[in-house]
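Below you'll find the structure, written out as structure tokens, and then a few comments.
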Amino acid sequence: MSDLLSDARELRQKLYRLEVLLQIEKGRRSRGWFTGKAPEDPQRAAAMKRLSKTGLIETAPPPNHFRLTPEGRAFLKDVRAKVGAQGELDWTRADEIDFSKL
């Protein structure tokens with residue numbers, strides 16, 4: 001049971017980092033969202049650190065503070081190509097995505 005719980009937590013963290021990556025792609029986030037002036041969220045800080053470390057995001061001048069790297073854009077393009085065919089989710093291809101960067 002503990003292995004399953006550990007796997008579930010790891011999956012949840014990866015999905016959260018994917019969500020943060022998509023938010024960065026959208027841009028126009030408030031400064032507080034990135035700097036922690038919004039309610040403290042240690043998960044967000046950890047996600048930003050991980051995404052920076054893996055090269056999917058980089059710092060940018062205000063107002064965005066972070067932006068996708070070319071590798072980050074390529075990663076999201078790959079995700080969309082595999083799970084968003086014809087505008088519908090195709091989760092049968094999700095195992096083809098390299099989530100190790102998240």
Side-chain angles (χ1 to χ4, degrees):
M1 182 69 163
S2 64
D3 288 340
L4 181 58
L5 182 58
S6 176
D7 289 349
R9 284 183 179 145
E10 184 179 332
L11 177 59
R12 187 182 65 76
Q13 289 172 345
K14 287 181 180 185
L15 290 174
Y16 183 78
R17 289 189 291 256
L18 178 59
E19 180 182 336
V20 169
L21 191 63
L22 290 167
Q23 289 171 343
I24 291 169
E25 179 187 42
K26 285 182 183 179
R28 293 170 295 191
R29 285 279 167 200
S30 70
R31 177 177 167 81
W33 189 88
F34 290 108
T35 62
K37 291 184 180 170
E40 191 62 31
D41 184 354
Q43 270 190 313
R44 183 184 71 232
M48 301 289 279
K49 183 177 179 180
R50 169 72 179 176
L51 293 170
S52 293
K53 185 178 179 180
T54 59
L56 296 177
I57 64 172
E58 61 189 3
T59 57
N64 291 332
H65 303 281
F66 288 92
R67 66 177 165 232
L68 296 180
T69 62
E71 190 173 344
R73 279 190 283 289
F75 177 80
L76 287 179
K77 182 178 179 182
D78 183 56
V79 169
R80 287 185 175 108
K82 291 179 177 159
V83 299
Q86 308 298 327
E88 297 178 16
L89 292 178
D90 179 8
W91 288 104
T92 60
R93 297 195 62 204
D95 62 341
E96 298 173 18
I97 300 167
D98 180 13
F99 284 107
S100 66
K101 291 274 184 174
L102 294 176

Rounded to the nearest 0.5 Å, what's the gap from CG on L21 to CZ on R73? Could you check? 10.5 Å
Taking side-chain contact (heavy atoms from CB on, under 4.5 Å) as the definition, give me every residue that meets it alongside R12, ordered by chain and number, with sequence neighbours left out. Q43
Quick check on side-chain contact (heavy atoms from CB on, under 4.5 Å): which of E25, K26, E19 does Q23 satisfy it with? E19
To check you understand the geometry: which heavy-atom pair defines the closest contact between I97 and V83, and what is its length? CD1-CG1, 3.8 Å
Less than 4.5 Å apart, side chain to side chain, heavy atoms only: is that true for K53 and K49? no
Measuring from R80:CZ to L22:CG, what's the distance to the nearest 0.5 Å? 6.0 Å
Between F75 and L102, is any pair of side-chain heavy atoms under 4.5 Å apart? yes
Can you give me the closest heavy-atom contact between A60 and R67, atom names plus distance? CB-NH1, 3.8 Å
Find the distance between CE (M48) and CD1 (I57) and round it off to the nearest 0.5 Å. 4.5 Å
Sequence-distant partners of T69, side-chain contact (heavy atoms from CB on, under 4.5 Å), two or more places apart: E58, E71
Once rounded to the nearest 0.5 Å, what's the spacing between atom CG of L11 and atom CZ of F99? 8.5 Å
Going from CD1 on I24 to CG on L56, what distance comes out if it is rounded to the nearest 0.5 angstrom? 9.5 Å
